[in-house]
Colleague: 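Pasting in a structure now, in structure tokens, and then I'll have a few things to ask.
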Amino acid sequence: MVVFKKIAFLSFSVLFINSSSAQGIGKKLKINPFRYEIEKNLAGNNGAVVCAHPLAAQVGVDILRQGGNAIDAAIATQLVLAVVYPGAGNIGGGGFMVARMSDGKTIALDFRETAPAAATEDMYINKKTGKANANLSQNGHLAAGVPGTVAGIFASMKYAKLPFKTLIQPAIDIAEKGFVLSEREANNLDSTKKAFDRNNTTLPVFIKKKGWWKAGDTLIQKDLANTLKRIRDQGAKGFYEGETAKLIVNEMERGAGIITLNDLKNYKAKERVAIAFDYKGYQIITMPPPSSGGILIDQMLKMLEQRPLAAYGFLTAKSVQLITEVERRAYADRAEHLGDPDFYKVPIKGMVNPTYLTDRMADYDSTKASKSSDVKAGMIKESEQTTHMSIIDKDGNCVSLTTTLNGSYGSKTVVGGAGFLLNNEMDDFSAQAGVPNMYGAIGGVANAIAPGKRMLSSMSPTIVLKDGKPFMVVGTPGGTTIITSVLQSIIDVVDYGMNAKDAVNKPKFHHQWQPDEIYVENDFPQDVRQQLQAMGYKIVERGAWSRTEMIKVIGGKKFEAAADTRGDDSVAGY
Ligand code: DON
């Protein structure tokens with residue numbers, strides 16, 4: 001556990017943020033942005049928030065204590081993350097929320113970014129070389145899709161209980177008065193300094209004027225606070241129209257970007273029908289296209305369900321090989337068939353058809369590796385830097401919400417005068433058929449760029465029910481690895497009987513069809529690597545990629561909440 005004792009002396013005084021100052025109710029949130037602790041695990045009865053930063057988790061739980069529900073907490077937590085976790089928390093990006101309310105209602109909210117109206121299918125292809133220029137889809141103004149986060153927040157307000165002003169005020173206060181940086185955040189900001197230099201037209205607050213950031217430094221974000229105030233006072237129009245919209249468009253004009261006032265005004269979050277299916281007596285509720293996550297998790301669990309996964313053992317060569325073969329086949333389908341369902345007819349029913357999935361595994365051989373070059377997407381006949389939060393409240397309302405700028409600090413471009421980072425989500429489109437994006441994912445027509453279209457995502461916020469009651473809330477960042485991390489978290493609990501802490505922190509592995517290799521985290525067992533190599537698999541060790549946040553309900557009411565040890569992620573609850 002990281003405790004900020006070392007920086008306690010920097011603290012001016014305990015700052016009690018007045019969450020209701022805007023309405024004068026006067027309830028105090030006991031949040032001290034100059035001194036906070038990371039908590040990795042907790043057991044609770046009433047409510048919990050697990051997310052990427054302790055301050056955001058604490059604000060979320062304070063909202064629950066004030067009588068807010070899980071949706072209120074998600075909104076407040078998301079807004080604080082936009083301030084204290086600039087690498088991924090955002091108002092300049094987008095995301096997905098899956099919620100399950102205590103009255104049985106399921107919500108799948110899509111606030112994914114869209115391609116601007118001036119976007120074209122070949123906009124990143126260099127006319128001379130004929131090749132896609134990844135720098136343009138990943139960095140700077142042209143990489144940004146039209147942001148969806150603020151529209152998503154207001155679309156979810158209809159399920160909230162507390163006034164919006166109460167939910168946004170903690171974020172405003174922390175932006176205005178500042179918070180202390182953790183060592184990890186200071187290092188991340190410093191290592192992005194050159195990229196910030198290259199991709200901005202005004203000096204962003206994330207570049208320290210003199211020297212380097214260090215743990216305990218205070219980050220004050222006045223421009224961001226003013227943008228948040230406009231959103232507080234004018235609602236979604238405070239972002240998509242008026243002053244903020246003008247600042248975004250001015251930034252685009254200075255940096256040769258293409259987002260216009262109309263793009264912003266026309267953006268809409270959309271409620272979708274969640275993917276819901278049974279796995280071994282559990283009901284899984286997860287995100288439909290434009291996420292690829294829900295369908296792939298459905299496909300993979302169904303391919304696994306008929307096989308004795310638990311008997312194969314946890315992280316044995318046999319179980320890892322089986323899961324890898326299932327992942328390979330599902331990701332081949334992803335590349336071919338998944339995209340924005342408003343633009344491309346995604347064959348959802350066909351992809352999860354039981355006969356289709358049985359056929360898909362017909363050539364599986366438990367003694368040796370298949371070759372991705374032999375595994376093509378199935379022919380389907382039919383009659384698609386990020387951060388996650390998992391929340392539960394005292395009534396059993398659950399929210400699983402993943403939101404993203406795509407890469408760490410997104411496009412690295414801050415909207416001058418508005419203080420927030422723009423996403424680089426355009427890179428999640430297939431910039432050129434068969435050319436990998438920053439996560440190595442390839443795609444074709446289904447995920448080609450088109451004006452107003454949403455780029456395919458892997459974000460997989462998921463809720464698992466048992467006997468119709470909440471059993472697990474789970475999700476993670478990690479690009480294409482999101483889907484396999486969520487898959488493995490579900491298997492670890494359902495098939496291997498793990499507690500939340502182990503399911504979150506045990507080593508993960510990942511196969512995504514192309515490239516034809518198994519990525520393993522550093523602590524993946526050596527003997528299993530060797531056995532897999534002997535079966536013909538290429539093993540590639542990569543740094544830790546998952547930052548899973550999980551709440552697991554035990555015996556109907558109590559729960560355990562676990563924040564990933566791979567980051568500053570933290571739990572709060574009561
Ligand atoms: O939507 C997606 O699939 C990606 N933009 C997610 C990026 C991500 O998870 C980065 N975090 N590590």
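Order of appearance sets the numbers: ligands from 1, and atoms from 1 within every ligand.
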Colleague: Excluding sequence neighbours, so at least two apart, what forms side-chain contact (heavy atoms from CB on, under 4.5 Å) with Ala88?
Modeller: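 So Ala88 forms a side-chain contact (heavy atoms from CB on, under 4.5 Å) with Tyr85, Gln385, Thr387.
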Colleague: Test of understanding: with side-chain contact (heavy atoms from CB on, under 4.5 Å), list the residues that count as partners of Tyr344, not counting sequence neighbours.
Modeller: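 Partners of Tyr344 by the side-chain contact (heavy atoms from CB on, under 4.5 Å) criterion, ordered by chain and then number, come out as Val346, Val445, Ala446.
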Colleague: If the threshold is 4.0 Å, N to carboxylate O, is there a salt bridge linking Asp569 and Arg547?
Modeller: yes
Colleague: Against the six-membered ring of Trp212, is Lys193 placed for a cation-pi contact (under 6.0 Å from the centre, within 45° of the normal)?
Modeller: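 So Lys193 does make the cation-pi contact.
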Colleague: Quick check on Lys208: does its NZ atom have over 12 non-hydrogen neighbours (other residues, nucleotides or ligands) under 6.0 Å away?
Modeller: yes
Colleague: For ligand 1, give me the residues whose heavy-atom distance to it is below 4.0 Å, by chain and number please.
Modeller: Arg112, Gln385, Thr386, Thr404, Asn406, Glu425, Asp428, Tyr439, Ser457, Ser458, Met459, Pro477, Gly478, Gly479, Ile482
Colleague: Is there any salt bridge (charged side-chain N to carboxylate O under 4.0 Å, His left out) pair reaching into residues 400-415, and which pairs are they, with sequence neighbours excluded?
Modeller: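 Matches after skipping sequence neighbours: none remain.
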